[in-house]
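See structure below.
A quick note: this is a predicted structure, and the numbers were derived from the prediction, not measured. Note: hydrogens, waters and symmetry copies are ignored here, and every other heavy atom, side chains too, is used. Numbers for residues simply follow the sequence, beginning at 1.
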Amino acid sequence: MASNGRNIQEQILALLGSADYRPLDKSELAKALGRKSGVRMGLNQALRELERAGEIARIRRNRYVLPPAADLVTGALHIHQAGYGFLISEKPGEPDIFIAAENTGTAMHGDRVVARISREAPYRRTKGRPEGRVIRILKRAHATIVGTLQHSRNFYYVIPDDPRLVHDVYVRPEQDGQAETTPTVGDKVVVRLEAWESRHVNPEGEIIEVLGPASAPGVDMLSIVRKYHLPTEFPREVSDEAEGISEKIDARQLEGREDLRKEFIVTIDPDDARDFDDAIHVEKLENGGWHLGVHIADVAAYVAPASALDREARRRGNSVYLPDRVIPMLPERLSNGVCSLNAGVDRLTHSVFIQFDKNGVAKSARFARSMIRSAHRLTYKEAYAILKSAPRDRLGERLHVAWELASLLRRKRFAHGSLDLDFPEVKVWLDNNGYPAKLERVENDESHQLIEECMLAANEAVARELKKRAIPTIYRIHENPDPEKLAEYREFVLSFNYNVGDLAHRAEVQRLLAAIRGKPEEQALKIGLLKSLKRARYFPQPLGHYGLAKPNYLHFTSPIRTGNSNREST
C-alpha cells in the first residue's frame with residue numbers, strides 16, 4: 001500500500017512537471033492519470049501528502065501545480081515583533097523570502113505556509129532579497145498561546161508573551177467554561193486559539209487555564225512550560241516500564257563489556273546537578289604522554305528501540321532545565337538513577353580511550369562498551385579548589401594530571417585557530433517561595449575547561465572514527481562565515497576605534513577577541529561577531545567546525561557551559 005502511494009505520487013509529480021501541463025483540479029488529474037475516479041487509487045491522500053510536503057501547491061479553483069511554476073515557496077514563517085517576517089524555504093540553498101506585515105495575512109509566527117513571490121514593484125523593498133505574500137497556511141504552529149489578560153472599555157484581550165505573536169487575542173472570560181478558576185486582569189492565562197479567517201479583525205480564543213497573577217512566584221516558569229507545550233508528566237506505560245528496570249546489573253548486561261571498576265574515575269558537575277552522565281580518568285604515561293578515558297552513561301542498555309520509553313524520549317527530544325525544575329527526557333528512575341554515574345555504584349557506560357603523546361597529539365583511540373564505578377563526585381567549585389592547591393592525595397594528583405593534559409589541549413586548540421567566544425554564565429538561585437534570592441556569576445575557570453577539553457577530545461575522536469569507517473552519522477558542523485557579513489562587522493568594529501584587518505583570516509579574528517577581552521565593549525562586539533557567523537548545526541556530512549577549528553566533530557557527548565555562546569558554537 002505504501003509502495004502504491006509512492007507510485008501515485010511519482011505519477012502526479014511527473015504529470016505536473018511535463019512541458020505541456022496546464023493546471024488541473026482533482027477530477028481532471030484523475031482523468032489525466034487514466035482513471036475515471038481518483039478515490040480508489042488514493043489520489044486525494046497523495047495530493048494532501050504532496051501538498052503538506054511542499055512538493056506541489058494548490059492555486060485558484062483548487063488546481064495543482066509545481067511550486068516554482070507559479071512562483072510559490074513553502075516554508076516556515078518567522079515573524080519579527082515589528083510585524084514583518086521572513087519565509088524560510090524548505091528547499092536547501094533557496095534564499096529567505098521577505099514578507100511585509102500587510103502580506104502575512106492571518107499567518108502567525110512559526111506557521112508553515114505557502115507564499116507567492118512577487119516579481120514587480122512596489123515590492124523588492126529588501127536589497128537582494130525576494131519578497132512575497134502568504135497565500136495559504138498549511139499548518140498552524142500554535143493551537144494555544146500564553147499571555148496576560150487585559151481589559152479595555154469594551155472587551156477583554158490577551159497579550160501574548162511571545163512578542164513575535166504580534167496580534168492581541170480577544171477572549172470572553174465570563175463565558176469561558178474551560179478554565180477551573182475565573183481569571184482576573186493581570187493573570188497569566190493559556191488560550192486555545194479559534195479559527196482566524198480575516199486579518200481585518202483580531203484573532204479570538206478561549207481561556208482554558210489560569211496560571212495565576214503574572215507577578216506571583218513560579219507563574220513565570222509555569223508560563224514557559226505551557227508556552228513551549230512541555231510535558232510535565234510521563235504516560236502511565238512509560239512510568240511502568242521505567243519502574244520495571246532493576247537497579248542491579250545482571251550477568252547478561254556484562255557480556256562483552258570491559259570492567260573498569262578498578263580505574264580511578266571521577267565526575268565533575270555543577271553544585272545543583274542531580275544526574276551525572278559523563279565521567280573521566282586521566283593517567284600520565286612513562287613516555288611523557290597521557291591516557292584519557294571518557295565514559296558516557298549507556299542509556300541504550302535500558303531503553304529498547306520502539307519501547308514506550310524510546311517513543312516518549314523521541315517525542316520529548318531532550319531534557320529542559322529551568323531555574324526551579326528539570327523536565328527530563330526520561331523518567332527520574334533512569335535519568336537520576338540507573339543511568340546516572342553516581343559515586344560508589346556500578347554503572348553501564350560507553351567509553352572512549354585516547355592516547356596522547358607528550359605534545360598533546362592524539363596517537364590512537366579505542367572505543368568500548370564498559371562498566372565503571374565512579375570514585376568521586378566533584379562539583380566544579382570543589383575541583384577548582386583542588387586545582388588551585390598542591391595535590392595532597394590520589395584525587396588531587398589525578399586532577400592535576402588531568403588539568404596538565406587539558407591545559408595543553410586547550411593551548412593547542414587556540415593555536416590552531418579556535419575562537420574564544422565564551423560569555424560568563426549567570427545562574428539564578430531561587431528561595432523556597434520561588435523568588436530570586438541571588439545571582440551567581442559562573443566563570444569558565446580551570447575546572448570547567450578541564451571537562452570541556454576532555455569532552456571535545458572524545459567528540460573529535462568519535463567523529464574521526466565514524467568518518468574513517470564511512471558509517472553514516474550526524475556531525476556537528478559550523479560552516480565558514482560569509483565574507484560580506486564579516487566585512488560589515490569589521491565596519492562596526494572600526495567604529496570602536498580598534499585597528500582590525502581582514503576578518504576573513506581566522507588569526508585576525510583571534511587578535512580582535514584578544515584585544516577586546518576585559519573591555520566595556522567586549523560583550524557588544526562578541527555578540528556582533530556571533531551574528532556575523534553562521535549558526536552551528538547538525539548535518540550528515542563532516543563539513544568541519546569553524547569556531548572550534550576542527551575538521552571532524554560531532555556530539556558523542558555534549559560540551560558543558562549550558563546557556564552561553566560557547567554552547568551555541570560547539
Side-chain angles (χ1 to χ4, degrees), residues 51-54 57-58 67 71-119 122-150 157-171 188-207 214 220 223-230 317 485 527 530-532 534-535 537 568:
E51 186 179 4
R52 279 199 298 266
R58 187 157 38 98
D71 282 335
L72 301 179
V73 180
T74 300
L77 183 64
H78 288 224
I79 298 287
H80 188 275
Q81 60 188 32
Y84 63 84
F86 295 91
L87 185 143
I88 312 302
S89 174
E90 294 176 348
K91 299 292 184 183
E94 292 292 320
D96 300 343
I97 311 299
F98 176 78
I99 310 291
E102 64 269 23
N103 290 327
T104 60
T106 59
M108 295 181 176
H109 173 73
D111 288 353
R112 190 163 176 266
V113 303
V114 178
R116 172 169 281 120
I117 300 174
S118 176
R119 302 293 183 185
Y123 302 106
R124 312 290 297 175
R125 285 172 285 190
T126 54
K127 181 181 178 182
R129 190 192 298 270
E131 182 170 349
R133 175 174 57 87
V134 174
I135 64 167
R136 179 165 291 108
I137 299 168
L138 296 177
K139 185 178 181 181
R140 288 286 190 188
H142 308 280
T144 62
I145 62 105
V146 176
T148 306
L149 182 65
Q150 299 292 347
Y157 60 97
V158 171
I159 302 174
D161 283 356
D162 190 340
R164 297 168 299 183
L165 299 175
V166 297
H167 301 277
D168 297 338
V169 180
Y170 291 171
V171 293
K188 287 285 185 187
V189 296
V190 180
V191 177
R192 180 191 293 123
L193 294 173
E194 298 173 359
W196 186 26
E197 305 294 346
S198 173
R199 184 178 173 81
H200 300 296
V201 296
N202 278 48
E204 298 183 11
E206 178 184 17
I207 295 175
D220 51 356
S223 297
I224 292 173
V225 171
R226 295 293 186 268
K227 174 182 176 181
Y228 292 102
H229 315 294
L230 303 177
K485 287 193 174 183
I527 291 173
L530 284 172
K531 289 182 176 179
S532 301
K534 295 182 179 179
R535 294 178 69 92
R537 62 192 179 100
E568 176 57 36

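The distance from the CD1 atom of Ile135 to the CZ atom of Arg58 is 9.5 Å, given to the nearest 0.5 Å. Once rounded to the nearest 0.5 Å, the distance linking CD1 of Ile88 with NE2 of His78 reads 5.0 Å. For the atom pair CG of Asn103 and CD1 of Ile97, the computed distance is 12.5 Å after rounding to the nearest 0.5 Å. Once rounded to the nearest 0.5 Å, the distance linking CG of Asp168 with CD of Glu204 reads 12.5 Å. To the nearest 0.5 Å, atoms CD1 (Ile99) and NE2 (His80) are separated by 15.5 Å. One finds the OG1 atom of Thr144 at 9.5 Å from the CZ atom of Arg226 (value rounded to the nearest 0.5 Å).
Evaluation of the ring-ring contact (aromatic ring centres under 6.0 Å, His included) rule for Tyr170 yields Phe155 as partners, not counting sequence neighbours.
Val190 pairs in a side chain to side chain contact (heavy atoms under 4.5 Å, CB included) with only one of the listed residues (Ile145, Val146, Ile207), which is Val146. For the side chain to side chain contact (heavy atoms under 4.5 Å, CB included) test with Val113, the passing option among Thr74, Leu87, Leu138, Val73 is Leu87; the others fail.
The two residues Gln81 and Val166 make their nearest non-hydrogen contact at O-CG1, 3.6 Å. Summarising the geometry of Pro95 relative to Pro130, their closest heavy-atom pair is CG-CG, 4.1 Å, with the distance given to 0.1 Å. Nearest heavy-atom pair, Arg112 versus Glu51, reported as atom, atom and distance to 0.1 Å: NH1-O, 4.4 Å. Annotation for Leu165 and Met108: closest pair CD2-CB, 4.1 Å, computed over non-hydrogen atoms. In terms of heavy-atom proximity, Ala100 sits nearest to Glu131 at CB-OE2, 3.8 Å. Heavy atoms only, all atoms of each residue included: Pro203 and His167 are closest at CD-CB, 3.7 Å.
Under the 4.5 Å side-chain criterion, counting only non-hydrogen atoms from C-beta, Asp161 is in contact with Thr148.
For NZ of Lys534, the number of neighbouring non-hydrogen atoms (other residues, nucleotides, ligands) closer than 6.0 Å is greater than 12.
Classified by interplanar angle (parallel below 30°, tilted 30° to 60°, perpendicular above 60°), the ring pair Phe86/Tyr84 is perpendicular.
Judged by distance alone, the side chain of His109 and the main-chain N or O of Ile79 form a donor-acceptor pair under 3.5 Å. Judged by distance alone, with hydrogens and angles left aside, the side-chain atoms of Asp111 form a donor-acceptor pair with the main-chain N or O of Ala141 at under 3.5 Å. For Trp196 (side chain) and Val201 (main-chain N/O), a donor-acceptor pair under 3.5 Å exists by modelled atom type. Distance alone, capped at 3.5 Å, places no donor-acceptor pair between the Arg116 side chain and the Arg133 backbone.
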